[in-house]
Undergrad: 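Pasting a structure below so you can have a look.
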There are 2 protein chains.
Amino acid sequence: MTSTDQLKTLGLKVTGPRLKILALFEQTDQRHLTADDVYRLLMTDSVDVGLATVYRVLTQFEHAGILIRHHFDNDKAVYELNRGGHHDHLLCLQCGHVEEFFDEEIERRQHAIAKKHGFKLAEHALHLYVECERKDCPNRRKTSN
Amino acid sequence: MTSTDQLKTLGLKVTGPRLKILALFEQTDQRHLTADDVYRLLMTDSVDVGLATVYRVLTQFEHAGILIRHHFDNDKAVYELNRGGHHDHLLCLQCGHVEEFFDEEIERRQHAIAKKHGFKLAEHALHLYVECERKDCPNRRKTSN
DNA sequence: CGCGCTATGATAGCGCGTATCAATACCCCA
DNA sequence: TGGGGTATTGATACGCGCTATCATAGCGCG
């Protein structure tokens with residue numbers, strides 16, 4: 001399915017900015033991008049999109065299920081393409097490197113815990129903050145600045 | 001140990017605002033307070049403390065280990081008294097009710113996962129967002145507004 | 001008690017994100 | 001294919017949580 005069809009299917013009008021932003025997430029090797037990252041990357045590609053539009057499109061894509069939003073413990077939200085498989089995140093405190101993982105048992109216990117407390121689990125956030133053992137942390141910073 | 005001694009031990013000058021804020025956390029039944037919560041509660045007790053001081057004291061207390069700071073998925077940070085036992089949080093999406101839990105097995109697996117990926121676990125955040133089954137959610141909102 | 005130095009309070013500033021609103025671009029239909 | 005109605009865009013003002021600034025106040029040591 002083309003990006004155009006994808007947007008139509010979701011009931012979103014097919015516009016330049018939306019196509020450009022979607023293409024960006026599909027092409028870049030950066031899995032996790034902030035709104036500002038997106039804005040800058042578009043700029044460097046000489047694609048002229050307003051910052052407000054970037055924010056709007058990102059939230060629309062999130063509601064449409066195309067993107068997933070995360071709030072790692074810094075102040076900016078990051079978005080990643082929703083490829084379907086749920087996972088949690090492991091983040092290096094030194095360099096900001098992000099890695100993904102999934103643990104069946106943890107997922108199971110989360111549901112059990114919620115149930116034990118009399119609630120129904122709706123969603124969860126599990127962030128493991130780690131430190132690279134090496135001083136010269138090999139990973140590049142993920143989010144700019 | 002008195003609050004005064006506690007502050008001295010930590011190398012913090014014993015001042016009115018610091019004593020008042022510490023007393024607040026020790027007395028209130030609200031385990032999790034935002035900076036604004038603290039500010040308002042002091043106001044209603046006719047204790048005149050500037051908002052800037054509230055923010056400063058909270059971060060000082062956090063660094064000193066008296067308080068623990070959490071960023072639940074809303075925009076404001078909340079603080080709770082550090083009573084020593086580590087725990088994670090379960091939050092009702094409807095009413096903002098906060099409950100605490102601890103799961104030995106999840107803790108264990110978190111360390112194992114970090115290790116498997118070649119990192120050393122420094123800290124973690126695990127938030128379970130749940131929904132009260134009942135429409136008339138019985139729990140009061142925890143953070144004001 | 002008095003002095004030095006830190007803490008405080010009022011307020012300006014900052015960063016991320018959202019609301020506003022006129023101008024634009026998409027899409028439908030003739 | 002082109003015109004018109006409506007959703008989208010972009011520039012910018014605003015909101016909110018929090019921090020920086022700086023003159024004044026108050027803690028505590030001698």
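Below, read A as the first sequence line, B as the second, and so on, with proteins coming before strands; counting in each chain starts at 1.
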Undergrad: With a 4.0 Å cut-off, would you call A:E80 and A:R31 a salt bridge?
TA: yes
Undergrad: With respect to B:H32, which candidate in B:H89, B:H87, B:H97, B:H71 satisfies the ring pair (Phe, Tyr, Trp, His ring centres under 6.0 Å) definition?
TA: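 Of the listed options, the one satisfying the test is B:H89.
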Undergrad: Toward the 5' end of DNA chain D, which comes first, B:K8 or B:A35, by nearest nucleotide?
TA: B:A35
Undergrad: Quick one: pull up CG in B:D73 and NE2 in A:H124 and give me the separation to the nearest 0.5 Å.
TA: 12.5 Å
Undergrad: In this structure, how many angstroms lie between the P atom of C:dC16 and the NE2 atom of B:H71, rounded?
TA: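 Roughly 13 Å, once rounded to whole Å.
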Undergrad: What is the separation between atom CG on A:L7 and atom C1' on C:dC27, rounded to the nearest whole Å?
TA: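 The distance from CG of A:L7 to C1' of C:dC27 comes to 14 Å, rounded to the nearest Å.
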Undergrad: Aromatic contact between B:F119 and B:H117, with the criterion being ring centroids under 6.0 Å apart: yes or no?
TA: no
Undergrad: What is the separation between atom CE on B:M43 and atom C1' on C:dG9, rounded to the nearest whole Å?
TA: 12 Å
Undergrad: Quick one: A:H70 NE2 to C:dC16 C1', roughly how many Å, whole number?
TA: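 About 19 Å, once rounded to whole Å.
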Undergrad: Just wondering, do A:I66 and A:L81 contact through their side chains at under 4.5 Å, heavy atoms?
TA: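 Yes, side chains in contact.
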Undergrad: What is the distance, rounded to the nearest whole Å, between atom NZ of A:K20 and atom C1' of C:dA25?
TA: 13 Å
Undergrad: What is the distance, to the nearest angstrom, from the CG atom on B:L58 to the C1' atom on D:dC18?
TA: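 Distance check: B:L58 CG to D:dC18 C1' gives 11 Å.
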Undergrad: Check the distance between C:dA7's C1' and B:L22's CG and give it to me in whole angstrom.
TA: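 After rounding, the gap between these two atoms is 17 Å.
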Undergrad: Any idea which heavy atoms bring A:A64 and A:L10 closest together, and the distance?
TA: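 Closest approach of A:A64 to A:L10: O-CD2, 3.8 Å.
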Undergrad: Could you tell me the separation between the OG1 atom of A:T34 and the OH atom of A:Y79, rounded to the nearest 0.5 Å?
TA: 10.0 Å
Undergrad: Is there a side-chain polar atom (N or O) of A:Y55 under 4.0 Å from OP1 or OP2 of C:dG17?
TA: yes
Undergrad: So how far is it from A:I113 CD1 to B:L90 CG, rounded to the nearest 0.5 Å?
TA: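 Atom-to-atom, A:I113:CD1 and B:L90:CG are 8.5 Å apart.
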Undergrad: To the closest 0.5 Å, what do you measure between CG (A:D45) and NZ (A:K20)?
TA: 9.5 Å
Undergrad: Map every base of DNA chain D to its dot-bracket character, where paired means a Watson-Crick or G-U wobble contact with both distances under 3.5 Å and | marks a partner outside the strand.
TA: ||||||||||||||||||||||||||||||
Undergrad: Give the B/S/- string for nucleotides 6-16 of chain D, one per nucleotide from 5' to 3', where a protein heavy atom under 4.0 Å of the base yields B, of only the sugar-phosphate yields S, and otherwise -.
TA: -SSBBBB----
